[in-house]
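Remarks on the structure that follows.
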Amino acid sequence: MVAGRITDANFNLLLEKTQKEQAELKAKVEKGRKHLADEIRLAVDARQWVESIQEYRDITELDASTLNRLIKEIVVHETIGSDKTRHISIEIHFNLKPIPEVEQVTG
């Protein structure tokens, strides 16, 4: 611009374009960092889950002691439909963390 090869208007357009590109690149880098952190967290959770469940891999009989260590609570839901049919669902809440799944990571 000082040498007179570019006008003020063109310089401002180029500057604006460059700043926009820089902002987009920063956003991509931040998104990539978040995704990487999510992947690392997922890998750590998976490793911890495997380590926690190792103790129970060769169970041949589910006794009360093992059941109490594995399961925090069992919740039974019952509803009766308008046609008088019973609908029962069961929730099992484990003491271990849930099995990590890839779907937990948002992309």
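Atom set for the values below is all heavy atoms of this structure, side chains included, hydrogens, waters and symmetry mates excluded. By convention here, the first residue in the shown sequence is residue 1.
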Requested in this report: Using the side-chain hydrogen bond (donor to acceptor under 3.5 Å, both in side chains) rule, take Ser89 and His87 through it: C-alpha gap first, then chi angles, then the decisive distance, then the call.
Outcome: CA-CA 7 Å; Ser89 63; His87 301 277; over 6 Å; no

Query - side-chain hydrogen bond (donor to acceptor under 3.5 Å, both in side chains) involving Thr18 - partner list, sequence neighbours excluded - result: none

Query raised in the report: In terms of hydrophobic clustering (I, L, V, M, F, W, Y; side-chain heavy atoms under 4.5 Å; direct or indirect links), are Tyr56 and Val50 co-clustered?
Result: yes

Query - Interatomic distance, Leu13 atom CG to Thr7 atom OG1 [nearest 0.5 angstrom] - result: 8.0 Å

Query raised in the report: Can you tell me how far the CZ atom of Arg47 sits from the CD atom of Glu51, to the nearest 0.5 Å?
Result: 7.5 Å

Output side-chain donor-acceptor pairs under 3.5 Å for residues 19-30, partner residues at least two apart or in another chain, one line each.
none

Report task. Go through Asp8 and Phe11 one step at a time and tell me if the side-chain contact (heavy atoms from CB on, under 4.5 Å) criterion holds. Result -> CA-CA 5 Å; Asp8 283 347; Phe11 175 79; 5.5 Å; no

Requested in this report: Name all residues meeting the side-chain hydrogen bond (donor to acceptor under 3.5 Å, both in side chains) criterion together with Arg33; count only those two or more places apart in sequence or in a different chain, and write none if there are none.
Outcome: none

Can I get a per-line list of side-chain donor-acceptor pairs under 3.5 Å for residues 64-81, giving both atom names and the distance, sequence neighbours left out?
unit_1	atom_1	unit_2	atom_2	d
Thr66	OG1	Asp63	OD1	2.6
Thr66	OG1	Arg69	NH2	3.4
Asn68	ND2	Ala64	O	3.1
His77	NE2	Glu91	OE2	2.6
Glu78	OE2	Arg86	NE	2.6
Glu78	OE2	Arg86	NH2	3.2

Query raised in the report: Which residues satisfy the side-chain hydrogen bond (donor to acceptor under 3.5 Å, both in side chains) test with Gln48, sequence neighbours excluded?
Result: Lys97

